[in-house]
Peer 1: 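Please find one structure pasted underneath; my questions will follow.
Chain A is the first sequence line, chain B the second, and so forth, proteins listed ahead of strands; every chain is numbered from 1. The model shown is predicted, which means the values in this text are computed figures rather than measured ones.
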There are 2 protein chains.
Amino acid sequence: MPWQGRTKQDVLSEVRCAEILDAARGVFARKGYQAATMDDIAAATGVGKGTLYLYYRSKRDIYLAALERGLRAVCDITAAALDTAPTLEEKIRAFVLTKVQFFDDHRDFYRIYHAEFGNVVAHPSCLPPSVKQLYLGQVQQLEHAIEAARDEGRIRPVDPGKAAFAIFEITRGLIARRLLADPSLSAEAEGAFIVDLIWKGIANR
Amino acid sequence: MPWQGRTKQDVLSEVRCAEILDAARGVFARKGYQAATMDDIAAATGVGKGTLYLYYRSKRDIYLAALERGLRAVCDITAAALDTAPTLEEKIRAFVLTKVQFFDDHRDFYRIYHAEFGNVVAHPSCLPPSVKQLYLGQVQQLEHAIEAARDEGRIRPVDPGKAAFAIFEITRGLIARRLLADPSLSAEAEGAFIVDLIWKGIANR
DNA sequence: TACTAATCTGACCGACCAGTCAGTATACAA
DNA sequence: TTGTATACTGACTGGTCGGTCAGATTAGTA
C-alpha cells in the first residue's frame, strides 16, 4: 500500500540499509577497507552475512554508500555554515571551524573519507560521479562565496577557485593533524590562524 | 675482501635491492598496494619470487623501503631548493615549484606517497619512525626558514610552524590536483598564486 | 676439472575471504 | 490452520596470494 510513494517495505528496507552503513562505517574505520571483512560488517550490524547482499551488491558498494552518506552530511553542514555567516571573512571562519567540528564529531567517517581521497582518488575513475561531485561541491561552495565578495570589491581581485582551493586544502590538513597526530591542537587557535592568514592574503590593500 | 667497509657482495646486493625497489614502485603505482602481488613485483624485476625474500622480509617491507627511498629524495631536493634561494619569498616559491616538479618527474612515486599519507598515516603506528621523520622533516625545513625571517623582522610575527604547515598543505593539494585531476594546470601560475597569497598573508604591513 | 659457496627459482602450502545458495524463520492473508 | 511471500541465515566454494624451501644454477677458486 503506497504511502508518500513509498511502501512500508521500502521504509523498513531503508532502515536496514542505514543500520548496515552505520555498522560498516565503524568497521572500515577500525580496520581499513581491505582488512574489514563482510563477516565483520555482518556481525557489527547484527545480521547474517547473506543479509548484507540483500541490500548491497558488494563490499565496495557498502563502502561507497557509507562514503557518500557522510560526504553529503559534510556538504550540507558546510553549506549551511556558509549561508549563515554574513561576511566573507566570517564565512571562511565558519567553513573551517564547522568542518573541523564535523570531523571531531565523526571520527569514524574521517578515516573512510581520507583513506578514499588520499588513495583511491588516485584512480578517480573508481569513484561514482555522485561521490566525486559531492567532493568537488565543497570547494565550489567556498568558491562562490569568494567570487561574490570579489565582484563586490570587498577583496582584491583574486581567482576565487584558487583561493577556495587553498582554504580547502589547509582545512583538510588541519583536520588530519588533529585527528591523527595531535588531538590537543586547538581548533579555535589553528582555525583563527588560517582565517587570519588567508584573509590578509586576499584582503584589499 | 673489504673495500670502503663494503664487500663486493654488499654492493651487488645493494644493486639488487635498488632494482627490486624500482620495479616495485611501478607495480605499486599501477595497481595499488593491496592489488600488487609479489609475483607482479618479481616479474617486473625479472627475478623469481623467492629472490625477493632474499632481500626483503615481506611485501610491506618492500613497500616501506620504496616509500622511504622516494621520501628521502623529496627531502633532499626541497632542502637544496630552500638552501639556494636567498629570500624567504623566493624560498617559498622554490619549495613549491621544486616539489611540484619532483612529483611531475616521479609520478609513480606520487601514488605510493599519497596512498600512504592519506591512508596509513591514519594508523601512524604502522609507519617506521624513519619514514615519519622524513615526512615531518619537510615541514620543519620550511619552518626554520620562516622562523629565521621572522626573527629578522622580515615578516610579521606569525607562528612559523603554522605558516609552514599552510604552505605544505596547499602544495600537497596542488600536486594532487595536477597529477590526478587536471594535468594541464600550470605549475607556474598556480605556484605563483600560492606564493602571492601566502606572502601577502605573512608579510609585514 | 672439481669442489664449494653464493645466488636464485617456482611449485607448493595454508590461510583468508567475497560472494552464493539451499534451507530456515517470520509475517500475514485466506 | 494452511499457504505463500518476504526476510534472513551461515556453511560452503572457488580463487587468491604471501611466504617457504628443496633443489637448480651460477660464480669463484684451486
Peer 1: Send over the distance from B/K49 NZ to C/dG10 P, rounded to a whole Å.
Peer 2: 12 Å
Peer 1: Mind checking A/L52 for me? I need base, sugar-phosphate or nothing, with any heavy atom below 4.0 Å counting as a touch.
Peer 2: nothing
Peer 1: Looking for any heavy atom pair under 4.0 Å, which part of the strands does B/Y56 touch: base, sugar-phosphate only, or nothing?
Peer 2: nothing
Peer 1: Could you tell me how far apart A/I41 (CD1) and D/dT9 (P) are, to the nearest whole angstrom?
Peer 2: 15 Å
Peer 1: D/dC8, OP1 or OP2 - any side-chain N/O from A/R16 closer than 4.0 Å?
Peer 2: yes
Peer 1: So what does B/T51 touch, heavy atoms closer than 4.0 Å: a base, only the sugar-phosphate, or nothing?
Peer 2: base
Peer 1: Tell me whether the centres of the aromatic rings in B/F168 and B/Y135 are closer together than 6.0 Å.
Peer 2: yes
Peer 1: With heavy atoms under 4.0 Å as the rule, sort B/A43 into base, sugar-phosphate or nothing.
Peer 2: nothing
Peer 1: Starting at CG of A/L97, measure out to CD of A/E188 and round the result to the nearest 0.5 Å.
Peer 2: 6.5 Å
Peer 1: With a cut-off of less than 4.0 Å, is there a side-chain N or O of A/Y53 near OP1 or OP2 of D/dC8?
Peer 2: no
Peer 1: Cation over ring, B/K59 on B/Y33, under 6.0 Å and within 45°?
Peer 2: yes
Peer 1: Checking all strands, does B/A36 fall into the base, sugar-phosphate, or nothing category for heavy-atom contacts under 4.0 angstrom?
Peer 2: sugar-phosphate
Peer 1: Answer yes or no: is there a donor N or O on one side and an acceptor on the other, between the side chain of A/K49 and the main chain of A/A42, under 3.5 Å?
Peer 2: no
